Asks: 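Below you will find the structure I want to go over with you.
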2 protein chains.
Amino acid sequence: MPPIKVKSVQGAPAAPRQHKADAKAAAQPQAKPRALTRIQREKQDVILEAALEVFSMHGFRGATIDQIAEVAGMSKPNLLYYFPRKEEIHRRLMAALLETWLAPLQEMNADGDPFPEIRSYIRRKLEMARDFPRESRLFANEMLQGAPRIIEMIEVDLKNLVDEKAKVLLGWMDQGKLARTDPYHLIFSIWAMTQHYADFDVQVRAVLGPGRGGEGRFEDAARYLESLFLHGLTPRTNTKGS
Amino acid sequence: MPPIKVKSVQGAPAAPRQHKADAKAAAQPQAKPRALTRIQREKQDVILEAALEVFSMHGFRGATIDQIAEVAGMSKPNLLYYFPRKEEIHRRLMAALLETWLAPLQEMNADGDPFPEIRSYIRRKLEMARDFPRESRLFANEMLQGAPRIIEMIEVDLKNLVDEKAKVLLGWMDQGKLARTDPYHLIFSIWAMTQHYADFDVQVRAVLGPGRGGEGRFEDAARYLESLFLHGLTPRTNTKGS
DNA sequence: CTAACATTTTTCCAACTGGTCAAAATTCCG
DNA sequence: CGGAATTTTGACCAGTTGGAAAAATGTTAG
């Protein structure tokens with residue numbers, strides 16, 4: 001599983017509070033947003049990075065602005081200069097996350113063959129669990145709370161995407177290229193297993209122990225999942241494959 | 001999947017703060033714990049139930065005593081009469097939870113045949129996801145935070161149990177009754193998929209939509225998982241099984 | 001260099017947090 | 001019933017929380 005390049009969690013700009021710039025020169029019909037400065041871009045990134053760290057561990061309510069500010073290496077009021085409220089930070093994080101999160105599924109291609117496609121989808125998701133565990137936990141935290149801040153995106157964007165890919169899977173089944181099962185639960189199972197290695201990482205490492213819980217665990221997981229999805233657990237005596 | 005009976009989350013007693021009973025009659029070498037009264041048992045149950053609700057949604061730090069007290073229908077000081085601190089409530093919840101959580105795996109029997117055993121393990125876990133989603137989320141929340149309060153139980157009790165069951169699986173593989181794969185990741189995959197239906201329930205329901213997201217979703221999941229674990233996704237033209 | 005703007009710090013606040021305490025209300029039991 | 005023990009309440013507290021205001025300091029284009 002070679003290194004992959006996925007942009008870290010970072011979304012569209014949101015200029016810092018325009019101070020009391022609205023009081024003076026009210027002549028302008030719209031306050032011109034005035035492109036972000038270098039410092040703004042940098043600091044916002046630092047803050048989002050710190051917020052990812054904290055939110056992903058403690059959830060929205062369990063995270064405090066002070067803590068995020070400390071991790072970001074700045075004072076709380078300074079942080080609040082860039083993001084006027086806690087919710088705003090979280091929103092930015094979630095918006096960027098969702099894009100990143102859906103990308104692997106989008107890549108699943110109807111013109112390809114099911115097994116290579118599913119195999120590489122699993123690989124990509126597993127790489128994300130390995131390389132972006134905090135993003136994974138941020139997502140999981142939001143889900144555990146009932147997804148209050150992203151429910152409509154789940155119900156619309158995600159649902160549409162899954163519906164579309166479920167049709168692709170059904171198409172493959174009709175062509176006899178894939179066992180006939182529930183395409184939705186098929187997708188869920190891939191999500192579940194790959195998320196697991198990020199979200200329950202402590203447990204995975206503790207159970208595997210120091211010997212097998214090292215970096216190799218993702219390779220082992222990938223191999224296991226491939227064989228599970230390919231043949232299940234039924235023993236095959238004629239083991240002649242590569 | 002018929003209804004199952006698993007005791008709700010409730011652990012060993014922990015007598016309420018003995019007031020300032022220690023000041024008077026210091027003659028006694030050990031203060032006799034004095035069995036719990038009816039009210040104590042009842043109220044503690046009510047509190048634990050409320051705490052389960054709140055902790056499972058917001059995690060330890062995100063939950064507040066006031067909120068738990070409100071859900072439990074009592075005042076905060078009254079709640080604190082039964083559990084002197086927040087951590088105590090959480091501990092009780094976790095202790096009871098772990099027992100309940102490990103039970104299904106313990107039941108997996110080396111003398112049985114692998115497929116019926118694995119099949120019913122999956123069923124039991126899925127039933128727990130359906131019937132005790134809050135317990136599942138409580139567990140997930142603790143994991144997401146790095147399991148600070150139960151790490152040693154994970155590293156000892158859980159690890160031992162899994163090591164033992166991994167040997168059972170390996171035994172089956174040696175007998176040619178089960179495909180040769182990684183037994184640890186096999187167990188992880190069952191955990192992952194079944195937890196998913198409790199922890200990511202919002203997502204599952206939203207994606208399945210009102211039509212298929214109803215009660216039947218657990219039956220569908222059970223059927224899908226059975227066929228996945230049995231044969232994987234490879235199409236079988238000679239569909240002659242029952 | 002300097003005015004205009006961007007950034008940072010200091011100070012402050014009201015609401016909320018986990019938790020205490022004594023007094024009042026209730027329950028229990030002989 | 002009556003007294004002892006248990007349970008509940010209301011007032012309170014120190015520390016934390018999200019956030020506001022304004023003053024102080026940097027930065028940069030003209």
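From a predicted model like this one, the values you see are computed outputs, not experimental measurements. In what follows, chains are A, B, ... by sequence order, proteins preceding strands, each numbered from 1.
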Asks: Please name all residues satisfying side-chain contact (heavy atoms from CB on, under 4.5 Å) with A:Arg212, sequence neighbours left out, ordered by chain then number.
Replies: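 Here the qualifying residues are A:Leu208, A:Asp220, B:Asp182, B:Tyr184, B:His185.
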Asks: Among residues at least two apart in sequence or on other chains, which ones pass salt bridge (charged side-chain N to carboxylate O under 4.0 Å, His left out) with B:Arg217?
Replies: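 Residues passing salt bridge (charged side-chain N to carboxylate O under 4.0 Å, His left out) with B:Arg217: B:Asp201.
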Asks: Nearest-Å distance, CD1 (A:Ile47) to C1' (C:dT7)?
Replies: 12 Å
Asks: Does A:Arg149 count as lying over the ring of A:Phe60, i.e. NZ or CZ under 6.0 Å from the six-ring centre, within 45 degrees of the axis?
Replies: yes
Asks: For B:Asp66, which residues count as a salt bridge (charged side-chain N to carboxylate O under 4.0 Å, His left out) partner, sequence neighbours excluded?
Replies: B:Lys76
Asks: May I ask you to check whether over 12 heavy atoms, not counting those of A:Glu155, lie within 6.0 Å of atom CD?
Replies: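 Above 12, so yes.
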Asks: Please give, in whole Å, the distance from C:dT20 C1' to B:Leu79 CG?
Replies: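 The answer, rounded to whole Å, is 15 Å.
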Asks: Would you mind reporting whether B:Phe139 and A:Gln203 have side-chain heavy atoms less than 4.5 Å apart?
Replies: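 Yes, side chains in contact.
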Asks: Atom CD1 of A:Ile65 and atom P of C:dC16: how far apart are they, to the nearest Å?
Replies: 15 Å
Asks: At their closest point, which heavy atom of A:Thr100 faces which heavy atom of A:Met128, and how far apart are they?
Replies: O-CE, 3.6 Å
Asks: C:dT7 phosphate, OP1 or OP2: any side-chain N/O from A:Asn78 under 4.0 angstrom?
Replies: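 Looking at the OP1 and OP2 atoms of C:dT7, neither is under 4.0 Å from any side-chain N or O of A:Asn78.
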Asks: Can you see if the side chain of B:Arg85 gets near the phosphate of C:dG19 - specifically, an N or O under 4.0 Å from OP1 or OP2?
Replies: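 Answer is yes, contact under 4.0 Å.
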Asks: Please report the distance, rounded to the nearest Å, between CD in A:Glu42 and P in D:dT27.
Replies: 12 Å
Asks: Side-chain N or O of A:Tyr81 less than 4.0 angstrom from OP1 or OP2 on C:dT8?
Replies: no
Asks: Would a 4.5 Å heavy-atom cut-off, applied to side chains only, mark B:Val71 and B:Glu49 as touching?
Replies: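 They are not in contact (no side-chain heavy atoms under 4.5 Å apart), so the answer is no.
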Asks: Can you see if the side chain of A:Ser75 gets near the phosphate of C:dT8 - specifically, an N or O under 4.0 Å from OP1 or OP2?
Replies: no
Asks: Just the atom pairs and distances: protein N or O near nucleotides 27-29 of chain C's N or O, under 3.5 Å.
Replies:
unit_1: C:dC28; atom_1: OP1; unit_2: B:Arg38; atom_2: NH2; d: 2.6

Asks: Tell me whether the side-chain N/O atoms of B:Gln40 come closer than 4.0 Å to OP1 or OP2 in D:dT6.
Replies: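 The answer is no; no side-chain N or O of B:Gln40 sits under 4.0 Å from OP1 or OP2.
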Asks: Rounded to whole angstroms, how far apart are CD1 on A:Ile68 and P on D:dG18?
Replies: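 So the CD1-P distance, A:Ile68 to D:dG18, works out to 8 Å.
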Asks: Could you run down the sub-3.5 Å N/O contacts of the protein with nucleotides 11-13 of chain D?
Replies:
none

Asks: Given D:dG18, C:dG18, C:dT8, identify the nucleotide with an atom nearest to the side chain of A:Lys43.
Replies: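 The answer is C:dT8, which lies nearest to the side chain.
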Asks: Would you mind classifying the nucleic acid contact of B:Ala69 as base, sugar-phosphate or nothing, using non-hydrogen atoms under 4.0 angstrom?
Replies: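 The residue B:Ala69 makes no contact with any strand.
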Asks: When you get a sec, tell me which of C:dT17, D:dT8, D:dG19 is the closest nucleotide to the side chain of B:Tyr82?
Replies: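 Of the candidates, D:dT8 comes closest.
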Asks: In whole angstrom, what separates A:Glu70's CD from D:dG18's P?
Replies: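 Value for this atom pair: 13 Å.
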Asks: Measure the distance from CD on A:Gln44 to C1' on C:dA6 and round it to the nearest whole Å.
Replies: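 Taking CD of A:Gln44 and C1' of C:dA6, I get 13 Å after rounding.
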Asks: NZ of B:Lys86 versus P of C:dG18: gap in Å, rounded?
Replies: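 In whole Å, C:dG18 P and B:Lys86 NZ are 5 Å from each other.
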Asks: Which salt bridge (charged side-chain N to carboxylate O under 4.0 Å, His left out) pairs, counting each pair once, include a residue from residues 190-199 of chain B, with sequence neighbours left out?
Replies: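 Qualifying pairs, neighbours excluded: none.
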Asks: Does A:Asp45 form a salt bridge (Lys or Arg N to Asp or Glu O under 4.0 Å) with A:Arg41? I'd like the steps, not just the answer.
Replies: CA-CA 6 Å; A:Asp45 286 359; A:Arg41 258 175 285 118; over 6 Å; no
